[in-house]
Every structure is written in structure tokens, then in C-alpha cells.
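Below is one structure, written out as C-alpha cells; comments come after it.
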Amino acid sequence: MRIFSGIQPTGRKHLGNYIGAISQYVAAQDRGEALFCIVDLHAITVPYEPTELRERLYDTTAILLAAGLDPERCMLFRQSDVKEHTELTWLLCSVTELGRLQRMHQFRDKSLSQRELVSAGLLLYPVLQAADVLAYRANEVPVGEDQREHLELMRDVARRFNARFGDGEEVLVVPEHRIPEVGARIMDLQDPTRKMSTTGAGGTAGAAGGQGTVYVLDEPAAIEKKLKGAVTDSGSEIRRDAEKPGVSNLIEILAAVRGVVPETVEAEHAQARYGEFKTAVAAAVADYLAPARERYVELRADEARIESILQGGAERAQAIASQTLADVRERMGLGAPRAGGPAATSGTLDTVRR
Ligand code: AMP
Ligand code: TRP
């Protein structure tokens with residue numbers, strides 16, 4: 001079983017990332033051969049600062065290490081270090097439908113909110129993401145709910161490639177997504193109708209100063225303040241209900257960090273008031289994030305070690321990806337024919353080789 005996931009080098013990872021994705025990455029190390037890629041090539045599809053990008057990439061790497069990714073038990077690497085990702089992106093473009101890319105939710109949202117240039121990279125973002133996974137013939141992709149559409153496209157691209165170039169064989173593996181049952185979509189604490197994100201409600205520029213988003217590196221006092229200030233709903237019952245998005249989100253958060261089902265949280269807090277309940281959630285979240293925050297400082301300080309981990313990961317990853325690319329190029333009729341490749345038996349290629 002090979003497991004692959006990618007994460008943006010935004011540096012400020014939040015509770016939604018941690019619950020929805022990072023905790024699954026850590027568990028994946030025991031379930032199979034795991035690869036985790038920090039996707040700097042995806043980050044350049046929107047406006048960014050080159051010097052900042054390297055810093056944020058180190059921040060993100062240190063957060064992943066602090067959360068429990070172990071370079072001995074997984075391959076942790078930087079996307080731009082493995083050139084096979086970009087090459088495969090271009091090759092997969094030939095089996096990707098343009099209209100489908102234009103209809104992707106993320107492309108529509110990001111291109112509408114973009115004040116500067118809407119880059120072609122933003123449109124091709126999902127093809128690069130498909131290449132990330134397909135280059136490793138990964139079986140499983142742990143992600144949060146917001147990546148479902150990207151995973152569907154990736155599966156279609158793999159199927160279409162196999163149908164067009166596979167000659168009856170599964171040259172590229174059609175991967176399965178792994179979206180957690182609880183915590184796949186943590187919502188903003190100030191506006192529980194939208195997902196928690198780095199640009200949350202009352203975001204950095206707003207008066208509330210990002211009060212809707214709990215960051216992995218937040219101090220316990222900040223976590224407590226944000227959770228106690230979380231928007232709840234009218235009524236006083238602690239139960240999940242479409243009409244109660246604020247309380248439902250807090251129930252989901254507490255269930256996820258404690259590793260129990262939401263029903264357990266509802267039963268245990270049936271008699272609690274909102275205020276008491278929020279205090280309990282705040283304490284649990286602070287405890288949940290504390291070990292990673294404490295380990296982070298030391299890990300982040302050693303940039304030479306981070307670089308060497310990333311480079312070691314990239315070397316091992318590339319050894320896998322280069323084999324896939326050799327097969328893909330051969331199947332697509334690109335480059336010099338490979339001895340023993342599927343096309344090598346054909347008469348025309350024999351002529352070429354002589
Ligand atoms: P990103 O930081 O955008 O690269 O996201 C990294 C991972 O976190 C992806 O697998 C996302 O699906 C997941 N994720 C992002 N936001 C949330 C959220 N609010 N709740 C749960 N998972 C999330
Ligand atoms: N698009 C993903 C996100 O924003 C990050 C990502 C890039 C990814 N490549 C991937 C996730 C491959 C899973 C597999 O979160």
C-alpha cells in the first residue's frame with residue numbers, strides 16, 4: 001500500500017489542516033509506504049513573495065515533523081526538487097479536458113477573487129496535483145473534504161491515460177481518497193458556514209484578527225480566547241443540527257481531537273451550558289496541539305537539518321517517480337525507445353534502433 005499526500009507551504013497551518021489531514025499523515029506511516037510532499041509549485045499559482053516562500057516551506061516542514069512525521073518512516077520532500085512532477089503535468093494535459101478544469105470549484109473561486117493576474121497555472125493546478133499522486137502510483141490519498149473534486153479529476157485522468165495509452169494495462173494507478181469520517185471539514189469559529197482557512201472570517205486584516213481560525217502554533221491562551229469567542233447558535237442544546245452550525249462544529253472538533261464519535265460528545269455534554277462546553281473544547285484543543293507546538297521551536301531552528309531531510313526525501317521519491325515517467329514516456333511514444341519497452345517489439349522501432 002502506497003500513500004501520498006500534498007500540503008501547501010503556507011506556514012500557518014490551522015486546526016482544520018491538523019485534524020483533517022496532518023493527523024492522518026502521521027497514522028499513514030504505520031499503514032504503508034508513505035510520501036508527503038510540500039507543494040511549492042502549487043503555491044506559485046497565486047501571487048507570492050519568492051523569499052517568503054522558502055521561509056514558509058521550512059515552517060510547514062517543521063510543523064509536519066513536530067506533528068510526528070518521521071523521515072525514517074516516510075518520504076518528506078519538496079515538490080520542486082522532483083522534476084518528474086512538472087514533466088508528468090505536461091504529459092497528463094493531453095488526457096485532461098479543458099472544460100472540466102474551467103468548471104472546478106477552486107478555480108472558479110480563486111479566479112473570481114483574484115485581483116491580479118489570473119495565471120494559467122491556476123487553471124492547471126489540478127493537473128499538477130494529479131501528477132503528484134500518479135507519479136508514485138499511490139493507492140491512497142489522505143485529504144480533507146475540500147479536495148474531493150481534485151481527487152475525482154485525478155482518478156479520471158488516470159483512467160483516461162490508461163484507456164488511451166495503457167494497451168489494456170493499468171500503467172497509472174487509479175488512487176482512492178481517504179477523507180476522515182469526523183473532522184474532514186472543520187468550520188470557521190466566527191462564521192461556521194465557511195471552512196476554517198488561513199484567510200478566515202475576520203481574517204488577519206479584519207478587526208477580529210483571525211479569531212475564527214485556530215493555528216497549530218497558537219499559545220493556549222489564544223486558543224482559549226478563540227474557542228470561548230466561537231459563534232454559537234440560538235437555543236441551548238449541545239447537539240448536531242443543520243440549524244446549529246456553530247455548535248455542530250464544536251462537537252465535531254471535540255470528537256476529532258479526543259478520537260471519539262460525535263454521539264459520545266453529545267451524550268457527555270447533554271446537560272452543559274454553551275459556556276461550559278466551549279471551555280471544555282478549548283482545553284481539549286490546547287492539549288491536542290501542545291506537543292506539536294512545543295517540538296516545533298527546536299525543529300524550526302535547525303534549517304540545515306530540514307534541508308537535509310527534504311533532500312533525502314526527494315532522492316528516494318525521485319527514484320520511484322522516474323520509473324513511472326520512463327513508462328509513461330514509452331507508452332506515449334516520446335523520446336528514444338526503451339529496450340524491452342512495450343513498443344520495442346514493433347517493426348518501426350526496430351528500424352530506428354538499427
Ligand atoms: P492546504 O493547507 O490547503 O494544503 O491543505 C492541507 C490539507 O488540509 C488538505 O488535505 C485539506 O483538505 C485539509 N484541510 C484544509 N482545510 C481544512 C478544514 N477546514 N477542515 C479539514 N481539513 C482541511
Ligand atoms: N491541493 C491540495 C491542497 O490545497 C494540496 C495538494 C497538492 C495535494 N498536491 C496534492 C493533496 C496531492 C493531495 C495529493 O490542500
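The figures here come from the full heavy-atom set of this structure, side chains too, leaving out hydrogens, waters and symmetry mates. Position 1 is the first residue of the sequence; numbering continues from there. Just so you know, ligand 1 is whichever comes first in the structure, and atom 1 is the first atom listed for that ligand.
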Of all the non-hydrogen atoms in the protein, which one sits nearest to [atom], and at what distance?
| atom | answer |
| --- | --- |
| atom 10 (C) of ligand 2 | Gln129 CG, 3.4 Å |
| atom 9 (N) of ligand 2 | Asp132 OD2, 2.7 Å |
| atom 23 (C) of ligand 1 | Gly16 O, 3.5 Å |

Shared hydrophobic cluster for Val46 and Val118 (ILVMFWY, side-chain gaps under 4.5 Å) =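 Linked within one cluster.
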Would you say Arg164 has more than 12 foreign heavy atoms packed within less than 6.0 Å of its CZ?
->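 Result for CZ/Arg164: open.
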CZ of Arg31: more than 12 outside heavy atoms within 6.0 angstrom?
->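 Check passes, neighbour count above 12.
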Looking at [X], which atoms of ligand 2 are within less than 4.0 Å of one of its heavy atoms?
| X | answer |
| --- | --- |
| Val141 | 13 (C), 14 (C) |
| Phe4 | 12 (C) |
| Gln147 | 1 (N), 2 (C), 3 (C), 4 (O), 15 (O) |
| Gly6 | 5 (C), 6 (C), 8 (C), 10 (C), 11 (C), 12 (C), 13 (C), 14 (C) |
| Val133 | 12 (C), 14 (C) |
| Val39 | 7 (C), 9 (N) |

Looking only at distances, please establish whether an N/O atom of ligand 1 is found under 3.5 Å from an N/O atom of [X].
| X | result |
| --- | --- |
| Lys13 | yes |
| Gly144 | yes |
| Ile186 | yes |

Is it true that Asp59 and Arg12 make a salt bridge, defined as a side-chain N closer than 4.0 Å to a carboxylate O?
->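 So Asp59 does not pair with Arg12 through a salt bridge.
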Do Glu252 and Arg185 meet the salt-bridge criterion of a basic N to acidic O distance under 4.0 Å?
->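 A salt bridge is absent here (no side-chain N lies under 4.0 Å from a carboxylate O).
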Quick one: does ligand 1 sit under 4.0 Å from the side chain of Ala184, the backbone, both or neither, non-hydrogen atoms only?
->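 Just the backbone.
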Pick one of side chain, backbone, both or neither for how Met187 approaches ligand 1, counting any non-hydrogen atom pair under 4.0 Å.
->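 No part of Met187 comes within reach of ligand 1.
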Report yes if some N/O of Tyr125 lies less than 3.5 Å from some N/O of ligand 2; otherwise report no.
->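 Yes, at least one N or O pair falls under 3.5 Å.
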Exercise: do [X] and [Y] side chains pair donor with acceptor under 3.5 Å:
| X | Y | result |
| --- | --- | --- |
| Gln318 | Glu84 | yes |
| Asp70 | Gln29 | no |
| Gln311 | Glu307 | yes |

Is Gly6 in contact with ligand 1, taking contact as a heavy-atom separation below 4.0 Å?
->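 It does not; every heavy atom stays at 4.0 Å or beyond.
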Within less than 4.0 angstrom of ligand 1, does Ile19 place any heavy atom?
->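 No, Ile19 has no heavy atoms under 4.0 Å from ligand 1.
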For atom 12 (O) of ligand 1, which of Val143, Asp146, Val141, Asn17 has the closest heavy atom?
->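 It is Asp146 whose heavy atom sits nearest to atom 12 (O) of ligand 1.
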How close do Val257 and Ile19 get, heavy atom to heavy atom, and via which atoms?
->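 Scanning both residues completely, I find the closest heavy atoms to be CG1-CD1, 3.9 Å.
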Dump the intermediate steps for side chain to side chain contact (heavy atoms under 4.5 Å, CB included) on Arg54 and Arg78, then the final yes or no.
-> CA-CA 10 Å; Arg54 288 218 174 87; Arg78 174 170 43 207; 5.5 Å; no
Could you tell me, atom by atom, which parts of ligand 1 come under 4.0 Å of a heavy atom of [X]?
| X | result |
| --- | --- |
| Gly183 | 21 (C) |
| Gln147 | 12 (O) |
| Gln8 | 1 (P), 3 (O), 4 (O) |

